[in-house]
Amino acid sequence: MASTSDNALVPRSDLSRFIQRVRVLQHGPSEDAYVRLPDGTVELVVRVLPGTCDVHALGPREHVQRKSATEVPPETLGLQFKPGGAYPFFGLPMSELAHRSLSIDTLWGRADGERLRASLADAPSVQARLRTLEAALVDRLHRDDVFEPAAAYLVRRGIRLVTEASEIPRVSDLARTLGVSERNLRRAFDDVLGMGPKAFARLVRFRRAIQASESTFRGTRPDWGAIATGVGYYDQAHLIADFRAVTGTTPTAWLRARAA
DNA sequence: CTCGGCTGTAGCTGGATGCC
DNA sequence: GGCATCCAGCTACAGCCGAG
């Protein structure tokens, strides 16, 4: 399994509050060209194909996503939104994009989709394609029919509370802190993020475990029990169960594959 | 139309235990 | 010690519905 190496590009400043990172997806020699850990984000992917460009949005997921080298041609551009950051650009609840990949024609309508794809196909470089894509996003943001409801603000606050807390809060506590009912909080998360607050919190915890293991793994065996309890799991058994559910493999096997 | 309460159920958590 | 499985109890989710 090859990790996807990032060739970092900087998003323009007026989009930086929505976009987490921009990268050129490059793959190594192994079968899995693209391995995406779930993190509750949407990624807009631009693939350069003979004579045209393909643009589609990869919705938020709760499991690892893999793509083969043939699915990721050279110079594929990935624009990753922040959690909840994609919501203002697509005009549909993110729950409809969850676990799915939708073409830009489906999301923005055929005419707008075709126009964008044609502009991207004309762009001479990766940088030029990025600027074209960003211009289209800014244009979308300023349209009258695209608005950001109060739910987006609520969810952004919720996301911050979850990601910044050393101990991940319960949904009921989160709702109380934000001053809304649990029911309303779940609806808002579904619309803006494409998953419930619990599912998002679970991914945050899982990613903390990944980070902790990778920072301690340096050829030696990580102490999974310590990592598990350190990031909020009850014990290593539950960390392993989560690993299996998200990646389909055990923590040790995952690290071995990453190291290889 | 938005919000919140109620309810059935799926899935998660806490805990124990067994295998290698 | 690391990994896996099981189970009871609990929590979060989703659908429904009524109130404002």
Side-chain angles (χ1 to χ4, degrees), chain A residues 1 37-40 59-64 83-84 87-88 91-100 144-159 161-163 165-260:
Chain A
M1 186 196 308
L37 277 176
D39 58 2
R61 286 163 198 269
E62 290 167 43
H63 307 100
V64 162
Y87 185 62
L92 82 169
M94 287 298 108
S95 52
E96 290 184 26
L97 194 52
H99 308 289
R100 295 173 75 192
D144 289 340
D145 60 343
V146 175
F147 63 97
E148 191 181 34
Y153 175 67
L154 174 70
V155 171
R156 268 207 303 277
R157 284 179 62 212
I159 287 170
L161 284 172
V162 170
T163 52
S166 57
E167 210 167 302
I168 290 171
R170 292 193 166 179
V171 174
S172 54
D173 293 336
L174 189 60
R176 204 174 311 119
T177 305
L178 292 167
V180 295
S181 69
E182 286 182 48
R183 190 75 194 84
N184 218 22
L185 182 67
R186 276 202 296 272
R187 276 195 192 117
F189 262 78
D190 254 6
D191 274 359
V192 177
L193 201 58
M195 65 178 65
K198 182 66 189 179
F200 178 71
R202 198 173 153 231
L203 291 184
V204 169
R205 187 180 59 178
F206 175 75
R207 291 186 72 91
R208 283 179 184 172
I210 291 263
Q211 279 164 11
S213 64
E214 286 179 346
S215 63
T216 59
F217 185 60
R218 299 287 182 258
T220 58
R221 286 192 131 178
D223 182 348
W224 291 113
I227 290 171
T229 52
V231 300
Y233 288 96
Y234 182 76
D235 60 13
Q236 52 86 19
H238 289 82
L239 169 63
I240 292 164
D242 225 19
F243 242 95
R244 267 207 177 284
V246 175
T247 69
T249 184
T250 62
T252 307
W254 170 265
L255 277 192
R256 225 176 273 136
R258 295 275 286 187

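Below, chain A is the first sequence line, B the second, and so on; all start at residue 1. No hydrogens, no waters, no symmetry mates; every other heavy atom, side chains included, goes into these values.
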Closest contact, heavy atoms only, Leu185(A) versus Val171(A): CD2-O, 4.0 Å
Shortest non-hydrogen contact from Pro197(A) to Arg186(A)? CD-CG, 3.9 Å
Return the nearest nucleotide to the side chain of Trp224(A); candidates are dT11(C), dG2(C), dA4(C). dG2(C)
Walking DNA chain C from its 5' end, the first of Thr250(A) and Lys198(A) to be reached, judged by nearest nucleotide, is Thr250(A)
Working to the nearest 0.5 angstrom, can you tell me the gap between Arg208(A) CZ and Thr163(A) OG1? 7.5 Å
List the steps, then state whether side-chain contact (heavy atoms from CB on, under 4.5 Å) holds for Thr249(A) with Arg244(A). CA-CA 5 Å; Thr249(A) 184; Arg244(A) 267 207 177 284; 5.7 Å; no
Interface with DNA chain B, restricted to residues 199-209 of chain A and to heavy atoms under 4.0 Å: Arg202(A), Arg205(A)
Please state how far atom CG in Asn184(A) lies from atom P in dC13(C), giving the value in whole angstrom units. 14 Å
Hey, does Pro93(A) have a side-chain heavy atom less than 4.5 Å from the side chain of Asp190(A)? no
Show your working on side-chain contact (heavy atoms from CB on, under 4.5 Å) between Glu62(A) and His99(A) and close with a plain yes or no. CA-CA 8 Å; Glu62(A) 290 167 43; His99(A) 308 289; 3.8 Å; yes
Rounded to whole Å, the CG-C1' distance (Leu174(A) to dT11(C)) equals 14 Å
Can you give me the closest heavy-atom contact between Ser172(A) and Glu182(A), atom names plus distance? CB-OE2, 3.3 Å
Atom CD of Glu182(A) to atom C1' of dT11(C): distance rounded to whole Å? 9 Å
Given side chains that start at C-beta, do those of Pro60(A) and Leu193(A) come closer than 4.5 Å, heavy atoms only? no
Partner set under ring-ring contact (aromatic ring centres under 6.0 Å, His included) for Phe200(A), not counting sequence neighbours: none
Minimum heavy-atom distance Leu239(A)-Ala209(A), with the two atoms named: CD1-CB, 3.7 Å
Euclidean distance, Leu178(A) CG relative to Asn184(A) CG, rounded to 0.5 Å: 10.5 Å
I need a per-nucleotide contact map over nucleotides 15-20 of chain B, read 5' to 3'. Cutoff is protein heavy atoms under 4.0 Å; write B for the base, S for backbone only, - otherwise. BB----
How close or far is atom C1' of dA12(C) from atom CG of Asp173(A), stated in whole angstroms? 13 Å
For the helix from dC1(B)-dG20(C) to dC20(B)-dG1(C), what angle separates the axis at the start from the axis at the finish, each from five pairs, in steps of 10°? 30°
Just to be sure I understand the geometry, which residues of residues 239-249 of chain A put a non-hydrogen atom under 4.0 Å away from DNA chain B? none
Sugar-phosphate means primed atoms, P, OP1 and OP2; the rest is base. With that split, encode nucleotides 15-20 of chain C 5' to 3' as B, S or - using protein heavy atoms under 4.0 Å. BB----
Please round to the nearest 0.5 Å and tell me the distance separating atom CG of Asp242(A) and atom CZ of Arg205(A). 5.5 Å
Could you measure the distance from the CZ atom of Arg202(A) to the CZ atom of Arg207(A)? Nearest 0.5 Å is fine. 14.0 Å
Roughly how far apart are Leu154(A) CG and Arg187(A) CZ, rounded to 0.5 Å? 12.5 Å
In whole Å, I'd like the distance from the OH atom of Tyr233(A) to the P atom of dT13(B). 8 Å
Checking Ile227(A) against Tyr233(A) for the side-chain contact (heavy atoms from CB on, under 4.5 Å) test, could you report, in this order, the C-alpha distance in whole Å, the side-chain angles of both residues, the deciding distance, and whether it holds? CA-CA 9 Å; Ile227(A) 290 171; Tyr233(A) 288 96; over 6 Å; no
Atom-to-atom span, CD of Glu62(A) to P of dA10(B) - whole angstrom: 17 Å
Taking any heavy-atom pair under 4.0 Å as a contact, classify Pro197(A): base, sugar-phosphate, or nothing. sugar-phosphate
Would you kindly give the CE-to-P distance between Met195(A) and dA14(C), to the nearest whole Å? 11 Å
Full working for side-chain contact (heavy atoms from CB on, under 4.5 Å) between Val64(A) and Trp254(A): CA-CA 11 Å; Val64(A) 162; Trp254(A) 170 265; 4.2 Å; yes
